[in-house]
Asks: 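Dropping a structure here in structure tokens format, bear with me for questions.
The model shown is predicted, which means the values in this text are computed figures rather than measured ones. Just so it is clear: chains get the letters A, B, ... in the order the sequence lines come, proteins before strands, and each one is counted from 1. Excluded from the calculations below are hydrogen atoms, water molecules and symmetry mates; all remaining heavy atoms, backbone and side chain alike, are included.
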Amino acid sequence: MTERPRYDADDGMTARTRRQVRMTEPVERDPYRGRSPRKIPAYSSFEASRYLRIPENTVRNWAFGYAQRTGPGRTMRSRPLLKAADTQRHLLSFVNLVELHMISALRRDHNVQMPKIRRAIDYLEAKLRSPHPLIDEEMETDGTDIFINKYGSLINASRDGQLAMKALLQAHLKRIERDERGVAVRLFPFTRKRDADTIVEAPKLIAIDPAVAFGRPVIVGSRVPTSEIAQRFQAGESPSEVAQDFGRTEEEVWEAIRCEFPTAA
DNA sequence: CGCGTCACGCTAATTAATGT
DNA sequence: ACATTAATTAGCGTGACGCG
């Protein structure tokens, strides 16, 4: 009923091809010409939530802000935690995905409260002069120390807690691959339930690379999208068969399936 | 057409922080 | 201690497609 921004109704495309067009159309149609594929609004909240294992509503709240009733006739509106690539159409870029990955480290894995995350991001933004400070290269070198020194005591009073948080941040940063200029170009999302013990050595079998398969998650070192695998599996093929077909290991196939069906064991 | 999937806005339950 | 606010998350309704 409400007219919200949608894709053209009659472009005659499936959801999937439309998704691919989101990645490619900027080149031929204009608005994003010259923009790196990392910044193109290519992911819906739904996709981001699946790939990053963050509930969909949470993704929306973080990326676009949210409104909440605080009393009769009173609402409060929260500020987004990041600069989404397309706030109009609620679409996220690869860069945004990586940011969500980092925010999730703080909020969900380390239980840092939202206002503190906001303050930290604002501070880092000014300090590192980066619009996306959490995933800036400097974050990996000096950033975490700046972060912990400035906010460590605020966020976690104990020294051990601060060390743990640094380790956690580093573990998340380790899953971001950078090019020689230090720009984040590939993300290895967590594909299984994670806790403090498993987080460091969680395998990197699935990758999201905006330059491969239109940014859909693929099995590392291949161009096989996880969705492809998941479809076969859903159609009744056994993981070992699928693995055989694509020339991948069975473990990789299971990871791909986990990536697409977060609820599955 | 009917069913399934997704997008999106909304409410409400729940839980954690904060204020007084 | 008790009330209020903030944040997260499930779940519902609607509308739009896609696919058979």
Side-chain angles (χ1 to χ4, degrees), chain A residues 1-23 25 40-82 84-93 96-97 99-122 134 151 153-158 161 165 190 193-195 214-217 225-236 257 259-264:
Chain A
M1 196 57 243
T2 53
E3 31 145 350
R4 44 185 136 80
R6 305 211 108 264
Y7 317 121
D8 292 340
D10 55 354
D11 58 6
M13 292 176 194
T14 66
R16 182 149 292 161
T17 50
R18 187 175 293 131
R19 202 183 125 40
Q20 295 179 2
V21 166
R22 275 187 239 147
M23 290 300 276
E25 89 185 321
I40 291 174
Y43 305 90
S44 67
S45 307
F46 176 78
E47 287 167 305
S49 84
R50 261 214 317 220
Y51 302 156
L52 300 173
R53 309 184 85 78
I54 302 169
E56 190 184 349
N57 277 349
T58 306
V59 169
R60 279 212 291 260
N61 290 346
W62 289 356
F64 307 106
Y66 63 94
Q68 185 172 214
R69 264 219 142 58
T70 52
R74 272 245 159 287
T75 57
M76 76 120 213
R77 189 150 192 97
S78 82
R79 190 156 57 92
L81 288 160
L82 47 85
D86 188 337
T87 49
Q88 294 262 300
R89 293 193 298 167
H90 274 210
L91 293 173
L92 298 164
S93 66
N96 296 148
L97 238 55
E99 286 177 297
L100 288 170
H101 163 83
M102 289 306 294
I103 293 168
S104 150
L106 291 167
R107 183 74 264 257
R108 290 165 65 83
D109 295 332
H110 218 273
N111 264 311
V112 182
Q113 297 112 306
M114 215 37 143
K116 293 175 181 173
I117 295 181
R118 284 179 200 288
R119 284 177 59 184
I121 292 177
D122 288 345
L134 283 180
Y151 286 98
S153 56
L154 181 71
I155 286 165
N156 196 326
S158 82
M165 183 155 67
F190 289 105
K193 208 164 176 213
R194 54 189 193 268
D195 52 59
F214 306 103
R216 286 140 78 205
T226 54
S227 55
E228 203 85 5
I229 305 264
Q231 263 173 19
R232 302 274 195 118
F233 178 69
Q234 210 162 22
I257 292 167
C259 182
E260 291 291 319
F261 305 112
T263 47

Asks: Please state how far atom OH in A:Tyr51 lies from atom P in B:dC6, giving the value in whole angstrom units.
Replies: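 Going from A:Tyr51 (OH) to B:dC6 (P), I get 10 Å.
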Asks: Identify which nucleotide among B:dC6, B:dG9, C:dA7 has an atom closest to any side-chain atom of A:His90, counting heavy atoms from C-beta outward.
Replies: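 My answer, after comparing the listed nucleotides, is B:dG9.
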Asks: Output the single nucleotide from C:dT8, B:dC10, B:dC6 whose closest atom is nearest the side chain of A:Arg60.
Replies: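 Per side-chain heavy atoms of A:Arg60, the pick is B:dC10.
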Asks: What integer distance in Å separates A:Leu91:CG from B:dC8:C1'?
Replies: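 So the two atoms are 12 Å apart, to the nearest Å.
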Asks: Quick one: A:Ile103 CD1 to C:dT8 P, roughly how many Å, whole number?
Replies: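 My rounded result for the distance is 10 Å.
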Asks: Record whether the side chain of A:Asn57 comes under 3.5 Å of the base of B:dG9 through a donor-acceptor pair of N or O atoms.
Replies: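 Absent.
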Asks: I'd like to know if the side chain of A:Tyr43 and the backbone of A:Gly215 have a donor-acceptor N/O pair within less than 3.5 Å.
Replies: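 Confirmed, A:Tyr43 side chain pairs with A:Gly215 backbone.
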Asks: Quick one: A:Gln231 CD to B:dT5 P, roughly how many Å, whole number?
Replies: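 Going from A:Gln231 (CD) to B:dT5 (P), I get 12 Å.
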Asks: Report yes or no: does A:Glu47 contribute a side-chain atom to a donor-acceptor pair with the main-chain N or O of A:Ser44 at less than 3.5 Å?
Replies: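 Side chain of A:Glu47 to backbone of A:Ser44: a pair is present.
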Asks: Calculate the interatomic distance between A:Arg107 atom CZ and C:dA6 atom P; express it in whole Å.
Replies: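 After rounding, the gap between these two atoms is 14 Å.
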Asks: Among C:dA10, B:dC6, C:dT8, find the nucleotide with the atom closest to the side chain of A:Trp62.
Replies: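 Among C:dA10, B:dC6, C:dT8, the one nearest the side chain of A:Trp62 is C:dT8.
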Asks: Please state how far atom CG in A:Asp86 lies from atom C1' in B:dA7, giving the value in whole angstrom units.
Replies: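 A:Asp86 atom CG is separated from B:dA7 atom C1' by 14 Å.
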Asks: Taking only the side-chain nitrogens and oxygens of A:Thr58, find out if one of them lies under 4.0 Å from OP1 or OP2 of C:dT9.
Replies: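 Yes, such a contact exists.
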Asks: Please answer whether the main-chain N or O of A:Pro41 pairs with a side-chain N or O of A:Arg89 as donor and acceptor at a distance below 3.5 Å.
Replies: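 Judged by distance alone, no pair lies under 3.5 Å.
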Asks: In whole angstrom, what separates A:Phe64's CZ from B:dC10's P?
Replies: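 Computing the A:Phe64:CZ to B:dC10:P distance gives 15 Å.
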Asks: Measure CD/A:Glu56 against C1'/B:dA7 and give the value in whole Å, please.
Replies: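 Whole-Å distance recorded here is 7 Å.
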Asks: Just checking, any donor-acceptor pair under 3.5 angstrom between side chains of A:Thr58 and A:Asn61?
Replies: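 Side-chain D/A pair, A:Thr58 to A:Asn61: absent.
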